[in-house]
Student: 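For reference, the structure I am asking about is given below.
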Amino acid sequence: RAKFNAEQITDKVKSLEALRALEEIRMQDEMLRLEGIVELAKQGTQAEADALIALDAFREESRQANIDADTALTNRKVY
């Protein structure tokens, strides 16, 4: 619902900012979830290795998403 509301904002810069804020909350929640899985996995096991791989992949995905969001917001502010 919050995403829908953010998308309905007619000012595109404000809409992008609202969507970015929602995405940051989602990313933070997912990061905490993945870190929890790593902490629960027994050290030295395949489960720990898989959890660390998933956490690293998510961190990279988040980094790229943040760059894309910054670029979209900057481009929209320029025009």
Side-chain angles (χ1 to χ4, degrees):
R1 182 176 182 180
K3 183 178 179 182
F4 176 80
N5 290 341
E7 290 171 342
Q8 298 306 307
I9 298 172
T10 56
D11 181 332
K12 285 301 177 189
V13 171
K14 288 183 180 180
S15 177
L16 287 171
E17 289 171 343
L19 288 169
R20 183 167 184 230
L22 289 171
E23 185 62 16
E24 285 180 18
I25 291 168
R26 187 198 69 79
M27 286 180 182
Q28 186 175 18
D29 290 345
E30 182 66 5
M31 183 79 67
L32 290 173
R33 185 186 76 79
L34 291 170
E35 287 172 347
I37 292 171
V38 170
E39 290 174 8
L40 291 175
K42 190 170 182 178
Q43 196 170 19
T45 64
Q46 186 62 45
E48 182 191 38
D50 292 344
L52 287 169
I53 290 169
L55 180 59
D56 287 343
F58 180 75
R59 284 181 176 153
E60 179 60 21
E61 176 188 317
S62 295
R63 186 188 69 79
Q64 291 176 10
N66 285 333
I67 291 170
D68 290 344
D70 287 343
T71 301
L73 194 54
T74 300
N75 289 342
R76 193 65 182 177
K77 285 181 178 179
V78 170
Y79 295 106

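Computed from heavy atoms alone, side chains included, the values below leave out hydrogens, waters and symmetry copies.
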Student: Measure the CZ-OG1 distance between Arg76 and Thr71 for me, rounded to the nearest 0.5 Å.
Tutor: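 Answer for the CZ-OG1 pair, Arg76 versus Thr71, is 15.0 Å.
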Student: Please assess Asp68 against Gln64 for the test side chain to side chain donor-acceptor pair (under 3.5 Å), listing each intermediate value before the final yes or no.
Tutor: CA-CA 6 Å; Asp68 290 344; Gln64 291 176 10; over 6 Å; no
Student: What closest approach, in Å, do Thr45 and Lys42 show between heavy atoms, and which atom pair accounts for it?
Tutor: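 Distance-wise, the nearest heavy atoms are OG1-O, 2.6 Å.
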Student: Under the salt bridge (Lys or Arg N to Asp or Glu O under 4.0 Å) criterion, do Glu35 and Arg59 qualify, and how do the steps go?
Tutor: CA-CA 11 Å; Glu35 287 172 347; Arg59 284 181 176 153; 3.4 Å; yes
Student: For residues Val38 and Leu34, determine if any side-chain heavy atom of one lies less than 4.5 Å from a side-chain heavy atom of the other.
Tutor: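 Contact flag for Val38/Leu34 side chains = no.
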Student: Return the minimal non-hydrogen interatomic distance between Ile37 and Ala51, and the atom names on each side.
Tutor: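 Minimum heavy-atom separation between Ile37 and Ala51: CG2-CB, 3.7 Å.
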Student: Mind checking side chain to side chain donor-acceptor pair (under 3.5 Å) for Glu23 and listing every partner two or more places apart, or none if nothing turns up?
Tutor: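 If we apply the side chain to side chain donor-acceptor pair (under 3.5 Å) test to Glu23, skipping adjacent residues, the hits are Arg26.
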Student: Heavy-atom count check: over 12 atoms from other residues, nucleotides or ligands less than 6.0 Å from Glu60 CD?
Tutor: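 Count over threshold, so yes.
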Student: Considering non-hydrogen atoms only, spot the tightest contact between Phe58 and Met31 and give its length.
Tutor: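 Distance-wise, the nearest heavy atoms are CE2-N, 3.8 Å.
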Student: So which heavy atom on Met27 is nearest to which on Asn66, and how close?
Tutor: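 Closest approach of Met27 to Asn66: SD-OD1, 4.0 Å.
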Student: Please tabulate, one pair per line, all N/O donor-acceptor pairs under 3.5 Å involving side-chain atoms of residues 8-19, not counting sequence neighbours.
Tutor:
residue : atom : partner : partner atom : Å
Asp11   : OD1  : Val13   : N            : 3.0
Asp11   : OD1  : Lys14   : N            : 3.4
Ser15   : OG   : Ala6    : O            : 2.8

Student: Could you tell me the separation between the CD atom of Glu48 and the CG atom of Leu55, rounded to the nearest 0.5 Å?
Tutor: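 Spacing of CD (Glu48) from CG (Leu55) equals 11.0 Å.
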Student: CD of Gln28: more than 12 outside heavy atoms within 6.0 angstrom?
Tutor: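 For Gln28, atom CD is not crowded (no more than 12 foreign heavy atoms under 6.0 Å).
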